[in-house]
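Heads up, the thing below is written out as structure tokens.
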Amino acid sequence: MDKVYDQTKVEPKWYKLWEDAGYFKPEINLDGKPYTIILPPPNANAPLHFGHAMYVVEDILIRYHRMKGDAALWLPGADHAGFETQVVFEKYLESIGKSRFDFDRQTLYQMIWDFVQQNKGTMEGQLRRLGFSLDWSRYKFTLDPDIVKMVCKTFKKLYADGLLYRAQRLVNYCTKNGTSFSDLEVTYEERKDPLYYIKYGPLTLATTRPETKFGDTAVAVNPKDKRYQKYVGKEIEIETVLGKAKIKVIADEMVDMEFGTGVVKITPAHDHDDFATAQRHNLPLLQVIGFDGKMNEKSGKFAGMSVKEARVAVVEDMEQKGLIDHIDYEYTHRVGLCYKCGTVIEPLPMEQWFIKMTELAKKAIEVVKKGEVKIYPKNWETTYFNWLKNIKDWNISRQIVWGMQIPAWFCDSCQKWTVTEGEEPEVCNNCGNVSLERDPDVFDTWFSSGQWPFATLQTTNPSAGGDFEKFYPTTVMETMYDILLFWVARMVMLGIYATGKVPFKDVLLHGKILDPLGKKMSKSKGNVVNPMEIANLYGADAVRMALVYGTAFGHDQSLSHPKLQAMRNFTNKLWNIGRFIIDFAPEDTKHPDLVTIMIKQWAEKKDPSQAEIFRLTQDDKDILEKLLQTIQTVSKALNRYRFHDGADTLYEFIWHQFADKYIESTKDRRAQAQPVLEYVFRTSLELLHPFMPFISEELWQRLPHEGKSIMISTWPSSN
RNA sequence: GGACGGAUAGCUCAGUGGUAGAGCGCUGCAUUCACAUUGCAGAUGUCGGGGGUUCAAAUCCCUCUCCGUCCACCA
């Protein structure tokens, strides 16, 4: 054995052996109880980032449970990541001087498809490099035909159950990306904008968006406001930049008497509150801004201007006409932005597919309240409950090409929709007409990934009747806390809806990986660290250990080179312990296997007579006792998802108790101590295996052992 | 306007009621001994501020400050 551990000679060789031997399949423990984790499918639009390395937590659990004899299934996959991927691809097109509008739908889709295939391959190699014991025979992609079919089936069921409807609503529209979004995809920014006090006939009202005045269909005051009582229900005459007009005054609770003048203009087509108010009062919708972000023909001479230009021009005109009372330049408010490109989100009226969420959310709340689904760390429950309690209907239509096209066809003649499970209908379900047109929109990616746990398991292993019966509900869903609402909550709702059962029992939420200075990694900041480079530098084992060691699970952590180095050093320590025990064993220490077995028995039962037979010293007994405690602590830590406790305990035990103290104590009685050295080290490697699979396998193979691989050895027992 | 997380040794972080811990860094010693990617010994903290509960608080309660994040329809 080399004096210094060289991970490049060890890590590359084991993965293929494990995979070829079929150890990653749950069938290796055919009779074991099912233990399932579905890998959160990484977006197939880029290589893995450091956050993905946190999958190590899942691998630790899977390897631990596999060793405990469970039928452990860790199912890999990839997400087509609709909008996200299309944006990445459009950036690429931009870099070669093209845009998505240079291609027809089919061509563009095919180009993105090829791009995604390439990324998928890269990602798979990277997941293997990190040692993740995924069952590749069950690999799934969100655009696999059978998955698409499952998703469409749910869509149809929702439609049949009346939980899905098509409606014209105000949607969050990004005029740059040309698509609508769900509420979660809008980010907000505090901004200082002028608050204009403008004159509406006898009234004055405050607004930040004077350019939308052409879309006003009423003016509202609070019903309790005595100042304006006399106007309520009447039409007032107003002077506008486009001439005289009449407008209705309504009374509605939504108006805050304290704000501005207590009078609000109602612009139903361009403001969410106003839209809701308009519905209560049966006010018409008057759209003055187009989907291109420009004023339309309804705004008279301002037509064709962008919203921003129009605001300036309108204010200028109003000032000339004396319609501006005054302007508050110190006003701050929150502006909704596209989470992707930062463009101001324009609320626009649009026909889209919406899912009624209230009932679905109620059940999702219930299962967590009852403990059928547990969230770790528990404090995230507050966030989960809060969102679900106030949930609004979910817009799942997206105006992009990359994704699953919605299986709904519109009939020209009866103006109704025919919804299928994906297959093209021959005639309209309602009137039998043959002239149908498919909705060009695709699903919000989260609608399909929200069905991932059951969609995967219902389509894998079809020859054996499918995995669903055995592996669903899954055991653990582990992901970063930032997608608790986007993804986890939706999986709970859709999982219960489609299968009647929760999709998983325990939700684990890990923290964010920050750059070495504690800043968020981002491409634009240029501080992204490639996990593969780090793995090649320190070894995958060291990367894995560094991610769980020393930081409480669930907390953000900065990538720390000193810590990575420390873990690399730990691999070297392990290597040299192995070298000492294996290479430097004197010839006369060969002992029959029986001795090892007896020591194991003593360790487990503490039979004093055996201690006598093998002349165990106090040092021997101490280390065996400490080993037992370590087994207990590590097992308990993993059962409670306290990964750092397990990692810290093993590091401390192996390095400081075993190497520094015990091994030193055996140097003058080497031959007699050899069986204990071997036994304690082998057991330590088994405990360490879920954390550091490569080096633990390499050294275990070199020690006397039973069985073919540490991966399928039995988890050490402490009783 | 609400919610959550963080503030502990120079740095990165563990530690949820019982005499302050780890890794890295630092100081001194050890070098043909499995390992210098090492070993041994050591220094370093009024545990963010203030108040309270308790025989006892980094840990429980209240409050304040500063960082980070999320949710919410103030025109």
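In what follows, chains carry the letters A, B, and so on, assigned in the order in which the sequence lines appear, proteins first and then strands, with residues in each chain numbered from 1. Just so you know, these numbers use all the heavy atoms, side chains as well, and skip hydrogens, waters and symmetry mates.
For A:Lys519 and B:rG68, the shortest distance from a side-chain N or O to OP1 or OP2 is not below 4.0 Å. Residue A:Lys392 has a polar side-chain atom (N or O) positioned under 4.0 Å from OP1 or OP2 of B:rC73.
Within the structure, every pair that satisfies the salt bridge (charged side-chain N to carboxylate O under 4.0 Å, His left out) test and touches residues 645-668 of chain A, not counting sequence neighbours, is listed here: A:Arg642-A:Asp645, A:Glu664-A:Lys667. Among residue pairs with one or both ends in residues 191-204 of chain A, those qualifying as side chain to side chain donor-acceptor pair (under 3.5 Å) are A:Glu189-A:Arg191, A:Lys192-A:Glu330, A:Asp193-A:His333, A:Tyr200-A:Asp216; sequence neighbours excluded. Legend: salt bridge (charged side-chain N to carboxylate O under 4.0 Å, His left out) pairs involving residues 559-585 of chain A, not counting sequence neighbours: none detected.
Residues passing the side chain to side chain contact (heavy atoms under 4.5 Å, CB included) test with A:Ala276 are A:Arg280, sequence neighbours excluded. Remark: A:Arg702 engages A:Glu698 in a side-chain hydrogen bond (donor to acceptor under 3.5 Å, both in side chains) (not counting sequence neighbours). Annotation: side-chain hydrogen bond (donor to acceptor under 3.5 Å, both in side chains) contacts of A:Tyr662 (sequence neighbours excluded): A:Asp620. Taking the salt bridge (charged side-chain N to carboxylate O under 4.0 Å, His left out) definition, one finds that A:Lys340 meets it with A:Glu84, sequence neighbours left out. A:Trp394 meets the side-chain hydrogen bond (donor to acceptor under 3.5 Å, both in side chains) test with A:Asp444; sequence neighbours excluded.
Near RNA chain B, defined here as any heavy-atom distance below 4.0 Å, the residues from residues 572-584 of chain A are A:Asn572, A:Lys573, A:Asn576, A:Ile577, A:Arg579, A:Phe580, A:Phe584, listed numerically.
Base-pairing analysis of RNA chain B finds the following stems of at least three consecutive Watson-Crick or G-U pairs, with both pairing distances under 3.5 Å: B:1-7 with B:65-71, B:10-13 with B:21-24, B:26-30 with B:38-42, B:48-52 with B:60-64.
At a cut-off of 3.5 angstrom, counting only N and O atoms as typed in the model, there is a donor on one side and an acceptor on the other between the side-chain of A:Glu664 and the base of B:rA34. One donor-acceptor pair, N or O on each side, does fall under 3.5 Å between the base of B:rA34 and the side chain of A:Lys667.
The main-chain N or O of A:Asp2 is found under 3.5 Å from a side-chain atom of A:Trp575 such that the two form a donor-acceptor pair.
With ring centers used as reference points, A:Phe214 lies under 6.0 Å from A:Phe302.
In this structure, A:Arg209 reaches neither bases nor backbone, as no heavy-atom distance under 4.0 Å exists between it and the strands shown.
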Starting at the 5' end of nucleotides 4-10 of chain B, put B wherever the base has a protein heavy atom under 4.0 Å, S where only the sugar-phosphate does, and a dash everywhere else. SSS----

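Atom CG in A:Asp556 sits about 11 Å away from atom P in B:rC70, given to the nearest Å. Put simply, CG on A:Asp515 is 14 Å from C1' on B:rG68, counting in whole angstrom units.
Closest to the side chain of A:Leu184, out of B:rC40, B:rA34, B:rC71, is B:rC71.
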Contacts under 3.5 Å, N or O only, protein and nucleotides 21-27 of chain B:
residue, atom, partner, partner atom, Å
B:rA22, O2', A:Tyr549, OH, 3.2

